[in-house]
Amino acid sequence: MMHFEYHVEGGNFTKAGAASSQLKKILKQLNVDPKIIKRIVVALYEAEVNIVAHAFEGDIFIDIDTEKIGIKLVDQGPGIADIELAMQKGYSTASPSVREMGFGAGMGLPNIKNNSDELKITSQVNIGTTVELVTYLNQ
Amino acid sequence: MKIREVVELLNAKVVSGQALLDAEVEYCFASDLMSDVLTVETDNLMLLTGLANLQTIRTSEMSDISKIIFVRKKKATDEMIKLAAENEMILIECDYSMFKTSGILYKSGLKPVY
């Protein structure tokens, strides 16, 4: 069982992806199937970009065991008023600066769902959002 | 097709990762939207994009893309080149538009992902 934690700064696009990059290196060292690594890091990267794009700050907690990898992202930020609406392709509240970075097209949450085996999102408006992902390693 | 031939066809400039010039490329995807790039599952993909910032490199890292062509005279910054080198990527700068670049590469046999 391995545990990792990363802090994410809201608004800092130069560092967005640093945690995902670290996790990718760790999973490569653990000889995880490259296809599964790609699913995990694409999901985490989208979620990490979401914190940078929407929240003030956040923390990422990662637990790896022999069967699965669990990722929990907890942010302090505006929260999501309507999660069902946010899950719809094309729906976005991203700012123009986020769009300039190549994101904000309303594809992040659907893409996270597509690249994880379990996804749970809870949110409180003006407090923050928690995203929990599970991906199984032996499939 | 080898990357070397791609560079010649596009009259383009390699700014990082010359070691990959003899690598083979089969599929190409053209987009300025990184969220779209992150949905592509094809392996050994080359990315054509007009988006030149750090997130272009990060997105490619997560998507296992090691070949990037910047179109419309977009330039890779030093920070981008550094991150690309860490991930063993080749970065190519091309003065042509996305449409012209895509047309040349499609005609020369590179395949679309869908």
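Heavy atoms only: backbone and side chains are in, while hydrogens, waters and symmetry mates are out.
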Are [X] and [Y] joined in one hydrophobic group, where the rule is that I, L, V, M, F, W and Y side chains link up if heavy atoms are under 4.5 Å apart?
{"X": "B:M98", "Y": "B:V7", "value": "yes"}
{"X": "A:I112", "Y": "A:I40", "value": "yes"}
{"X": "A:I51", "Y": "A:F13", "value": "yes"}
{"X": "A:V41", "Y": "A:I64", "value": "yes"}
{"X": "B:M89", "Y": "B:Y27", "value": "yes"}

Which bit of [X] comes within less than 4.5 Å of chain A, counting heavy atoms only: side chain, backbone, both or neither?
{"X": "B:T59", "value": "both"}
{"X": "B:D43", "value": "side chain"}
{"X": "B:L38", "value": "both"}
{"X": "B:L51", "value": "side chain"}

Tell me whether the count of non-hydrogen atoms from other residues, nucleotides or ligands lying under 6.0 Å of [atom1] in [X] goes above 12.
{"X": "B:Y106", "atom1": "OH", "value": "no"}
{"X": "B:K75", "atom1": "NZ", "value": "yes"}
{"X": "B:D22", "atom1": "CG", "value": "yes"}
{"X": "B:E79", "atom1": "CD", "value": "no"}
{"X": "A:F4", "atom1": "CZ", "value": "yes"}
{"X": "A:E5", "atom1": "CD", "value": "yes"}

Nearest 0.5 angstrom please: [X] [atom1] to [Y] [atom2], how far?
{"X": "A:S21", "Y": "B:E86", "atom1": "OG", "atom2": "CD", "value": "7.5 Å"}
{"X": "A:N115", "Y": "B:E41", "atom1": "CG", "atom2": "CD", "value": "7.0 Å"}
{"X": "B:S63", "Y": "A:K38", "atom1": "OG", "atom2": "NZ", "value": "5.0 Å"}

Shortest non-hydrogen contact from B:M62 to A:S20?
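Result for this residue pair: CE-CB, 3.5 Å.
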
Under 4.5 Å heavy-atom distance to chain B, tell me which part of [X] shows up: side chain, backbone, both or neither.
{"X": "A:P34", "value": "backbone"}
{"X": "A:Y45", "value": "side chain"}
{"X": "A:K25", "value": "side chain"}

Looking only at heavy atoms, which of residues 83-102 of chain A get nearer than 4.5 Å to chain B?
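A:E100, A:M101, A:G102 fall under the 4.5 Å cut-off.
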
Under 4.5 Å, heavy atom to heavy atom: which of residues 120-133 of chain A reach chain B? Give them by number, or say none.
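Listed by number, there are no contacting residues, so the answer is none.
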
When B:D36, B:N87, B:T56 are compared by non-hydrogen pairs under 4.5 Å with chain A, the top option
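Heavy-atom pair counts peak at B:D36.
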
Between B:L83, B:D32, B:L33, who has the most heavy-atom pairs with chain A when the cutoff is under 4.5 Å?
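Greatest number of close heavy-atom pairs with chain A: B:L33.
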
Is the closest basic N to carboxylate O distance between A:K24 and B:D64 below 4.0 Å?
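Here A:K24 pairs with B:D64 in a salt bridge, since their nearest N and O are under 4.0 Å apart.
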
